[in-house]
Amino acid sequence: MKVLFMCTANSCRSILSEAVFNHLAPQGFEAVSSGSFPKGQVLPRSLATLQAAGISTEGLYSKGNDAFEGSPPDVVITVCDKAAGEACPVYFGPALKAHWGLEDPSDVQGDDAAVQAAFDATLAVIATRCRAFLALPFADLGATELKTELDRIAVLS
């Protein structure tokens with residue numbers, strides 16, 4: 001199963017989601033990420049946060065929709081923060097879609113410890129949601145049931 005995590009800049013939340021998912025995923029599951037307006041570089045703190053958690057950053061880069069050309073996703077999960085008024089990207093393909101909103105830790109103002117705490121908290125939420133996703137009984141779920149489960153996972157923190 002291929003999962004696409006989408007955000008606007010593809011430099012933080014979607015990158016963290018891609019890396020965590022792939023770190024936890026068993027054989028047969030893969031994540032990629034993209035942005036509707038890719039920043040062109042991953043935030044250094046995103047990479048440092050992943051590395052500190054023991055999660056590989058190899059192959060991570062800020063990318064647009066070309067990231068999944070020729071290999072369409074089965075599931076698309078947007079991770080932008082609608083509550084903060086962000087415009088979430090739209091995927092028009094036939095994939096199952098869900099929204100797992102996350103506040104952008106790179107928007108946190110404060111000292112280095114406060115910003116890092118925001119990144120760490122975001123990483124923890126992503127890990128909780130990815131673990132819940134990967135624990136689903138996929139063989140027993142149709143598309144409607146899977147969508148219900150994805151929506152349930154969206155509120156886990």
Side-chain angles (χ1 to χ4, degrees), residues 1-43 45-47 49-51 53 55-107 119 122-157:
M1 176 178 291
K2 188 164 195 168
V3 178
L4 170 63
F5 290 97
M6 293 183 82
C7 204
T8 307
N10 191 226
S11 63
C12 185
R13 293 164 290 180
S14 53
I15 290 284
L16 295 173
S17 298
E18 173 187 358
V20 170
F21 187 94
N22 286 332
H23 179 74
L24 298 171
Q27 185 84 19
F29 287 81
E30 177 192 8
V32 67
S33 66
S34 73
S36 50
F37 298 99
K39 191 171 197 161
Q41 67 178 33
V42 177
L43 293 176
R45 190 173 301 263
S46 296
L47 298 174
T49 301
L50 290 166
Q51 290 166 341
I55 298 171
S56 175
T57 60
E58 185 177 336
L60 294 177
Y61 66 100
S62 179
K63 51 210 167 291
N65 294 342
D66 58 334
F68 49 86
E69 268 183 0
S71 182
D74 302 297
V75 175
V76 175
I77 299 171
T78 52
V79 293
C80 47
D81 188 9
K82 289 181 181 178
E86 287 183 325
C88 291
V90 176
Y91 179 78
F92 293 105
L96 187 62
K97 297 164 185 82
H99 177 70
W100 291 0
L102 295 163
E103 292 180 22
D104 190 346
S106 68
D107 286 344
F119 272 80
T122 300
L123 192 70
V125 169
I126 291 167
T128 296
R129 292 176 182 176
C130 287
R131 283 188 188 97
F133 177 92
L134 293 166
L136 292 174
F138 291 98
D140 300 333
L141 298 175
T144 302
E145 294 87 4
L146 180 54
K147 173 66 172 140
T148 298
E149 289 299 315
L150 291 171
D151 291 345
R152 179 188 60 80
I153 290 168
V155 298
L156 298 178
S157 55

Sorted by chain and residue number, the side chain to side chain contact (heavy atoms under 4.5 Å, CB included) partners of Ser36 (sequence neighbours excluded) come out as Thr8, Pro89

Distance col, row Phe21:CZ vs Ile77:CD1, nearest 0.5 angstrom, shows 7.0 Å

Residues passing the side chain to side chain contact (heavy atoms under 4.5 Å, CB included) test with Lys39, sequence neighbours excluded, are Ala9, Ser11, Leu43, Ser62

Rounded to the nearest 0.5 angstrom, the CD1-CG distance for Ile55 and Asn22 is 10.5 Å

Shortest non-hydrogen pair, Gly35 vs Asn10, comes out as N-CB, 3.4 Å

The side chain to side chain contact (heavy atoms under 4.5 Å, CB included) partners of Glu103 (sequence neighbours excluded) come to Asp81

From CA spacing to verdict: side-chain contact (heavy atoms from CB on, under 4.5 Å), Val42, Thr57 = CA-CA 10 Å; Val42 177; Thr57 60; over 6 Å; no

Notebook entry, point to check: Going by heavy atoms in the side chains, are His99 and Cys80 under 4.5 Å from each other?
Noted result: yes

Exercise for review: Say whether, by atom type as modelled, one donor and one acceptor occur between the side chain of Arg13 and the main chain of Cys7 under 3.5 angstrom.
Suggested key: no

| Under 4.5 Å between any side-chain heavy atoms of Cys12 and Pro105, yes or no? | yes

d(Leu136 CG, Met1 CE) to nearest 0.5 Å is 8.5 Å

With sequence neighbours left out, the residues meeting salt bridge (Lys or Arg N to Asp or Glu O under 4.0 Å) with Arg152 are Glu149

Shortest non-hydrogen pair, Leu123 vs Leu16, comes out as CD1-CD2, 4.1 Å

Rounded to the nearest 0.5 Å, the CG atom of Leu4 sits from the OG1 atom of Thr78 at a distance of 9.5 Å

Heavy-atom nearest pair, Glu58 first then Ser56, reads N-OG, 3.1 Å

Query - Over 12 foreign heavy atoms within 6.0 Å of CZ, Phe37 - result: no

I want to check something: taking the side chain as every heavy atom from C-beta on, are Thr49 and Thr122 in contact at a cut-off of under 4.5 Å? no

The side chain to side chain contact (heavy atoms under 4.5 Å, CB included) partners of Lys97 (sequence neighbours excluded) come to Val76, Tyr91

- prompt: Do Phe29 and Val3 come within less than 4.5 Å of each other through their side chains, counting heavy atoms only?
  reply: no

Between the NZ atom in Lys63 and the CD1 atom in Ile15, the distance rounded to the nearest 0.5 Å is 4.0 Å

Nearest heavy-atom contact between Glu18 and Ala31 is CG-O, 3.7 Å

Correct closest heavy-atom pair for Asp151 and Ala98 would be OD1-CB, 4.4 Å

Q: Could you please spell out the steps behind the side-chain contact (heavy atoms from CB on, under 4.5 Å) verdict for Met6 and Ser14?
A: CA-CA 6 Å; Met6 293 183 82; Ser14 53; 6.0 Å; no

Under 3.5 Å, sequence neighbours excluded: what are the donor-acceptor pairs made by side chains of residues 124-134?
{"residue": "Thr128", "atom": "OG1", "partner": "Ala124", "partner atom": "O", "Å": "3.1"}
{"residue": "Arg129", "atom": "NE", "partner": "Leu156", "partner atom": "O", "Å": "2.8"}
{"residue": "Arg129", "atom": "NH1", "partner": "Trp100", "partner atom": "O", "Å": "3.4"}
{"residue": "Arg129", "atom": "NH1", "partner": "Gly101", "partner atom": "O", "Å": "3.1"}
{"residue": "Arg129", "atom": "NH2", "partner": "Ala154", "partner atom": "O", "Å": "2.9"}
{"residue": "Arg129", "atom": "NH2", "partner": "Leu156", "partner atom": "O", "Å": "3.3"}

Rounded to the nearest 0.5 angstrom, the CG-CG distance for Leu96 and Asp74 is 9.0 Å

